[in-house]
Amino acid sequence: MGEDDVALSPTTRNLIDEIGTIEKRALEELEAVSSQQELEEFRTRYLGRKGLLTAVLRRLGELPQRERPAVGQRANALRQKLEEEITHRDEALRREALARTLEREQLDVTLPGLPFRRGTLHPLTLALREIVDIFAGMGFSVFESREVETDEMNFVFLNIPPGHPARDMQATFYVNPEVVLRTQTSPGQIRGMRTYEGRLPVRFIVPGRVYRRDPADVSHHPVFHQIEGIAVDRDISFRNLVWVLEEFARKFFGPDTRIRLRPSYFPFTEPSADMEVSCTICRGKGCSVCKYSGWLEVAGAGMVHPVVLRNGGYDPAEVTGFAFGMGLERLTMLKLGIDDIRLFYSCDTRFLSQFA
Amino acid sequence: MKVPWKWLTEYCRSPWSVKETAERLTMVGVSVENVVHDSFEGKGLVTAKVVSVSPHPERPGLSVGFVDAGGRTYTVVSGAPGFKPGVVTAFAPPGSKIPRKGSQKKQGPGEDGSSRSDSETFEVVARDIHGVLSEGMVLSVNEILTGEGPRPGEDIVIFPEGTASGLPLDEFLDLDDYVFELELTPSFSHCLSIIGVAMELSAISGVPVRLPQTLASWSFLDPAGSRQAEDDRSAGAHESKGQRGMIEVVLEDPDLCPYYAGKTILDVKWGYSPIEVERRLYLAGMRPINALVDATNYAMLETGQPLHAFDLDKLTGGIIQVRLSRPGESIMTLDGVLRELPPESLVIADARGPVAIAGIMGGKETEVSEATRNVFLESAWFNPKSVRATSVRLGLRTEAEIRFEKGVDPTAQVACVERAAELITRVSGGKPVPGWSQARAAKPPRRKSMLDLGYLEKVLGKSIEKDRVAGALRRLGFSVLDKGDGLEVSIPPRRVDVAGQVDLVEEVARHLGYGNFQGQPLKVTVSPKVPAGVIYKERVRDLLRSLGGSEVMTNSLCGPDDIAAMGWEADDPRANPVKLENPLTSDESLLRTSLLPGLLKGLETNKRYKAAGAIIWEIGTVFFPSKEELPLEKLQLAIAASGTLAPKTWNALPLEADFYYMKGLVQSLLGGLGVEDVVVEKRAGMPFHPGKSCKVLSNGVTLGETGEIHPVVLEKYDLDRRTALAWLDVEALRAMSREPRYQPVPRFPRVERDLAVIAPEELEVGAIERLVKREAKHLVGFRVFDLWKGSPVPAGKKSIAFSMTFGAPDRTLTDDEVTSEIEMIVKKLEQELNVTLR
Ligand SMILES: [Zn+2]
């Protein structure tokens with residue numbers, strides 16, 4: 001209390017005392033408030049239209065004119081203080097309530113979620129997509145060709161006339177003496193080349209099913225897939241073939257993969273080569289998969305034979321080309337470490353669900 | 001082709017180890033698939049000298065002798081005629097071991113990359129022979145090499161005089177060896193002989209080939225020279241005509257046999273081959289027969305020229321005709337099989353009839369036997385296609401046939417028959433009659449090709465100096481003339497695989513080594529194209545993956561049982577598949593007309609593995625006969641699901657493979673593919689349940705069928721009762737798929753109203769939906785959310801509750817507008833479908 005107070009009227013002094021009492025009580029009560037509802041009651045009790053503090057303000061009129069502002073200020077200061085305290089209290093109460101709710105709302109997170117079904121693509125589809133992408137990166141288009149073929153397309157146009165010993169290399173299913181199940185995707189070379197109608201450059205792959213009259217075992221299946229590739233242009237060389245095969249091997253099997261070509265024989269290519277990659281299992285050190293050679297055979301390749309170029313509508317004096325053929329199953333088996341080709345055709349979902 | 005290492009290196013000494021030699025040969029195209037280490041498994045066998053022999057006290061025919069095995073003397077009982085004092089033979093003392101050849105097995109490759117050939121052995125023990133204890137055995141060649149007893153007329157081994165006693169037999173006979181197992185491509189038929197491989201080895205190593213004197217005159221290294229030698233011989237042939245043992249040769253079909261040479265050897269002695277020869281034959285994969293036959297086989301393995309030995313005295317009429325078989329002719333071949341000769345088979349015939357099938361197998365009647373005194377050796381060139389065709393028709397392949405069908409050196413006949421004659425006289429004695437019983441209809445052509453170095457560079461992508469190219473070709477046996485703008489290359493007759501320039505390019509490339517050609521990027525950049533059909537197929541795959549289920553691939557071949565199980569009518573195209581002419585099995589004798597049988601088997605597989613259920617799908621080709629030359633190929637998609645697809649969990653109901661599951665899957669797929677105006681028509685054909693299936697159409701085009709499996713079909717499979725299937729024609733889907741188009745997102749709020757109605761039980765909800773869509777101007781959605789039959793709904797009725805969504809693109813619909821539409825719907829439902837509000 002200052003000097004001024006001495007001069008205050010008793011009524012005023014009473015009222016000021018009352019404000020002090022209200023403040024003290026209010027703060028005590030607020031401390032005990034433990035719910036939103038109690039807080040609301042508290043607010044009404046002090047700040048409501050009939051509240052204790054409101055009542056004080058109403059009595060201001062009873063005071064002398066010049067003493068009113070001081071009391072009014074005090075009352076308003078208290079009002080403001082209580083409002084702030086109520087806000088704080090409200091926030092604290094909400095926090096506590098939320099904490100209690102969260103405490104209550106506990107799930108057993110170890111229970112499984114809803115059983116969504118995730119579909120799977122066949123490992124051969126996944127591998128083929130990768131292969132198509134790799135060759136697309138080198139400018140190879142995709143050409144799909146038929147599975148039942150004429151003997152002429154499957155053999156004769158590929159430089160394998162009737163009676164040719166190379167026919168023994170592939171056990172053939174016949175529909176009739178002139179119609180076969182294609183033993184290789186190579187007839188796609190002829191059909192594909194012909195769609196270019198002499199335009200250059202020719203560059204495409206032919207993925208698809210092929211058929212061999214071999215009983216199924218761990219490494220044979222009468223139905224399997226090949227990817228044929230061919231490039232024809234004015235100056236395609238054996239060294240271009242080497243590059244394409246190297247690029248493929250590195251992208252499909254990994255950047256450290258090395259390749260090796262050794263002489264082989266296919267009637268529709270010359271020079272012909274078997275392509276081997278450094279063993280994907282032992283990295284070339286030697287293991288049972290590569291028969292301790294460090295190398296795995298994955299493709300046949302070579303320079304397109306002049307007879308085949310001619311049958312595709314190109315003049316071998318003008319253009320050269322290379323071609324290759326690889327087994328999709330074998331590539332996939334080596335890449336993923338699958339040891340039985342029959343698994344691909346088993347429909348066994350325990351196998352199929354491993355590849356996404 | 002099996003090439004014993006020691007035999008090979010006799011003709012061309014290798015500067016490299018066995019393993020490295022194999023690798024280097026492989027890298028020039030002589031593919032060595034396997035290197036087998038074949039060591040002699042016998043133990044403790046030694047040379048031994050027979051010291052004295054006396055008759056067996058009990059048994060006439062047996063003798064008792066003492067043998068000196070180098071320091072120790074053993075008592076041995078033997079009945080062999082050669083068991084005489086002074087003879088040095090092979091001896092197995094007690095405790096020694098003799099291999100059993102029949103038990104030979106090959107083990108996988110070891111760390112050094114070579115396989116090991118092991119055989120079991122049996123131990124020799126001292127045993128009592130009619131009262132005399134025989135301490136071991138004196139051995140014949142057959143006993144040493146096969147562990148079996150002596151063959152008829154076979155004596156014990158008799159080593160040259162002066163051979164020391166007690167020498168370990170495997171070392172003395174040098175039996176340890178390696179064998180290269182070659183996997184030769186058709187272009188390497190010139191390596192179907194030890195000498196052929198030796199020449200490749202010589203070409204890589206530069207070590208010259210050394211040939212036996214008799215073969216040295218077969219100068220295949222120089223094509224021009226060999227022709228000369230040939231001509232000289234032909235001249236000499238006439239002089240010997242009319243001599244004893246000469247036969248008149250008649251070539252009736254010069255295209256199929258332009259040259260035939262016979263060699264007569266008189267007064268041979270019957271016997272078996274020496275152990276070195278038998279051992280080599282075994283290692284090369286042939287069985288020794290007798291010295292005469294072995295000599296022809298040995299010479300064939302050596303040179304690649306098949307030879308045949310006739311008993312001269314069993315040939316009738318002094319004539320050999322090389323002619324086509326006549327109708328009804330047959331021959332008993334060496335293997336004891338009586339074979340009817342297919343028409344147009346080339347045969348060797350005497351005055352009575354066929355005595356051999358040309359190039360394939362000789363006849364039993366004229367074969368050499370113990371009684372043979374005089375031999376007639378045949379060495380001829382037969383047309384490869386003819387030999388192959390006859391072989392295929394007879395289903396008979398022999399070592400000779402394999403060589404003839406690939407083509408043998410047309411100039412080698414005389415040299416090779418001389419070589420065989422030399423081998424025979426060395427072992428069996430006899431007197432070769434000078435000259436040959438021969439006929440020649442045509443001279444083998446001289447073959448030449450030009451090699452343009454520009455072409456070589458273009459194909460290989462690398463410029464190679466003329467000298468290197470010529471050098472490579474010369475090493476390989478070609479003769480080369482520099483003609484300025486190119487090389488003129490003479491092709492050795494034995495290289496039947498080489499004809500033109502491109503073959504020479506390959507020869508040069510493989511000789512230099514493919515490893516010398518470094519990769520070179522493709523120059524031109526091309527933007528690749530993927531056909532729309534391929535992209536679409538992959539889109540279908542991605543959608544199906546997102547909808548669940550596993551993609552499978554099943555066999556494109558099926559069997560009659562698979563087709564029958566589907567229950568299609570006889571005139572259904574799917575019941576009339578394309579048939580294979582030469583199936584492996586009946587189960588794989590037809591081309592599939594539907595993916596469903598394969599998928600049903602796939603479901604069975606999963607059931608066998610105790611899966612509660614499975615969803616599998618495939619995109620693949622199906623085939624139908626057509627009037628065109630080639631069958632029709634169509635791309636199909638099929639889905640099959642069976643059992644519990646997702647089991648009941650604590651928070652979800654189980655998902656079962658039923659009609660609505662499959663229909664929903666198909667609908668989602670079609671929606672994802674942008675197929676519009678899809679309608680279903682009740683009742684699909686077999687193999688679907690007639691009441692639980694439908695056809696799926698769009699704009700009047702049938703896309704496929706979906707539904708549950710017909711109970712009759714289900715019976716044929718071991719499957720869960722709940723099995724649902726679908727198939728779709730991918731090309732039809734593609735034709736009906738629309739590319740997505742942008743439509744403005746609705747800007748005005750939509751109104752949802754529900755109706756609950758009572759309808760006749762048999763009424764399809766589809767009828768209500770069609771009516772609602774027809775009547776409501778602003779309908780944008782229709783969804784059935786409840787369906788109920790039974791109490792409190794009266795019998796014969798069902799309760800349906802559905803929700804309709806209304807909206808307009810340009811404004812908010814008023815309540816009145818929606819209400820009036822609904823009132824109209826309610827009215828029409830009652831009038832047309834006898835459907836009332838609940
Ligand atoms: Zn390995």
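- If you tally non-hydrogen atom pairs under 4.5 Å between each of V30(B), D542(B), T525(B), L184(B) and chain A, the highest count goes to D542(B).
- Comparing K537(B), E507(B), E457(B) by how many heavy-atom pairs each has under 4.5 Å with chain A, the most go to K537(B).
- Proximity to chain B (any heavy atom under 4.5 Å) is restricted, for E246(A), to the side chain, taken from C-beta onward.
- In this structure, the side chain of N582(B) engages the main chain of T172(A) through a donor-acceptor pair within 3.5 Å.
- No donor-acceptor distance shorter than 3.5 angstrom exists from the side chain of E629(B) to the backbone of T150(A), with no hydrogens or angles considered.
- Taking OG of S550(B) as the reference point, atom CD of Q354(A) lies at 11.5 Å (rounded to 0.5 Å).
- Looking at F116(A), neither its backbone nor its side chain comes within 4.5 Å of chain B, counting heavy atoms on both sides.
- Counting only heavy atoms from C-beta outward, the side chains of M303(A) and E506(B) never approach each other to under 4.5 Å.
- Closest approach of E144(A) and V534(B) over heavy atoms only: CD-CG2, 3.6 Å.
- Nearest heavy atoms, K458(B) versus T320(A): CE-CG2, 3.7 Å.
- The pair R608(B)-D348(A) does not meet the salt-bridge criterion, since no charged nitrogen lies less than 4.0 angstrom from a carboxylate oxygen.
- Using a 4.0 Å cut-off between charged nitrogen and carboxylate oxygen, R262(A) and E23(B) do not count as a salt-bridge pair.
- For the residue pair E551(B) / T125(A), a side-chain donor-acceptor distance below 3.5 Å is found, with atom types taken as modelled.
- Annotation: maximal heavy-atom pairing with chain A below 4.5 Å, among G548(B), S187(B), P521(B), occurs at P521(B).
- Considering only heavy-atom pairs separated by less than 4.5 Å from chain A, the leading option among R510(B), M553(B), K529(B), K601(B) is M553(B).
- Formation of a donor-acceptor pair under 3.5 Å by the R239(A) side chain with backbone atoms of G461(B) is found in this model.
- Judged purely by distance below 3.5 Å, without hydrogens or angles, the side chains of S556(B) and Y211(A) pair a donor atom with an acceptor atom.
- Most heavy-atom pairs under 4.5 Å with chain B, from the set D233(A), T349(A), L114(A): that is T349(A).
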Take T621(B) and R209(A), measure what side-chain contact (heavy atoms from CB on, under 4.5 Å) needs, and give me the verdict at the end. CA-CA 9 Å; T621(B) 312; R209(A) 286 192 177 202; over 6 Å; no
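- The closest side-chain heavy-atom distance from K523(B) to D235(A) is below 4.5 Å.
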Assess the residue pair L111(A) and W650(B) against the criterion (side-chain contact (heavy atoms from CB on, under 4.5 Å)); give the C-alpha distance rounded to whole Å, side-chain angles, the decisive distance to 0.1 Å, and a yes or no. CA-CA 8 Å; L111(A) 277 169; W650(B) 68 279; 3.7 Å; yes
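- Between E538(B) atom CD and R129(A) atom CZ the span is 4.5 Å, to the nearest 0.5 Å.
- Side chains of L181(A) and L557(B) form a contact here, defined as non-hydrogen atoms less than 4.5 Å apart.
- Shortest non-hydrogen contact noted between R191(A) and L630(B) is NH2-CD1, 3.7 Å.
- In terms of heavy-atom pairs under 4.5 Å with chain B, the best-connected choice from E247(A), H122(A), R118(A) is H122(A).
- Contacts between S264(A) and chain B at a heavy-atom distance below 4.5 Å involve backbone atoms as well as side-chain atoms.
- Options L655(B), T605(B), N651(B), N606(B) differ in how many heavy-atom pairs under 4.5 Å they form with chain A, and the most are formed by N606(B).
- Neither the backbone nor the side chain of V180(A) has a heavy atom closer than 4.5 Å to any heavy atom of chain B.
- When side chains are defined from C-beta on, P306(A) counts as touching V502(B), because their heavy atoms get closer than 4.5 Å.
- Residue-environment remark: CD (E33(B)) exceeds the threshold of 12 foreign heavy atoms within 6.0 Å.
- The candidate with the highest count of non-hydrogen atom pairs below 4.5 Å against chain B, out of R350(A), M138(A), R146(A), is R146(A).
- P271(A) and L460(B) get closest at one heavy-atom pair: CG-CD2, 4.1 Å.
- Using a 4.5 Å heavy-atom threshold, the side chains of W243(A) and L522(B) count as touching.
- Residues V175(A) and L580(B) meet the side-chain proximity criterion, which asks for heavy atoms closer than 4.5 Å.
- Counting heavy-atom pairs under 4.5 Å between each of C347(A), S237(A), P263(A) and chain B puts P263(A) at the top.
- Residues L121(A) and R541(B) are in side-chain contact: their nearest non-hydrogen atoms beyond the backbone lie under 4.5 Å apart.
- Counting heavy atoms from C-beta on, the side chains of L645(B) and R117(A) come closer than 4.5 Å.
- Residue contact with chain A, scored on non-hydrogen atoms closer than 4.5 Å, is absent for T585(B).
- Interface remark: of the candidates L599(B), V28(B), T649(B), V28(B) forms the most heavy-atom pairs closer than 4.5 Å to chain A.
- Across V148(A) and P631(B), no two heavy atoms sit closer than the pair CG1-CD, 3.6 Å.
- For P177(A), the parts lying near chain B are the backbone and the side chain together; criterion is any non-hydrogen pair under 4.5 Å.
- Contact annotation for P384(B): neither backbone nor side-chain heavy atoms come within less than 4.5 Å of a heavy atom of chain A.
- For S346(A), the part sitting under 4.5 Å from any heavy atom of chain B is the backbone (N, CA, C, O) and nothing else.
- Of the atoms belonging to V223(A), it is side-chain heavy atoms, and not backbone ones, that fall under 4.5 Å from chain B.
- Residue P162(A) comes nearest to K385(B) through the heavy atom pair O-CE, 4.1 Å, listed as atom of the first residue, atom of the second, then distance.
- For the pair R260(A) and Y514(B), the cation does not sit on the ring face, since its NZ or CZ is not both under 6.0 Å from the ring centre and inside 45° of the axis.
- V578(B) touches chain A through its side chain: at least one heavy atom from C-beta onward sits under 4.5 Å away, while N, CA, C and O do not.
- Other residues, nucleotides and ligands place more than 12 heavy atoms under 6.0 Å from the NZ atom of K462(B).
- Between chain B and the residues N240(A), L352(A), V242(A), the most heavy-atom pairs under 4.5 angstrom are made by N240(A).
- Of the two parts of F173(A), the backbone and the side chain both hold a non-hydrogen atom closer than 4.5 Å to a non-hydrogen atom of chain B.
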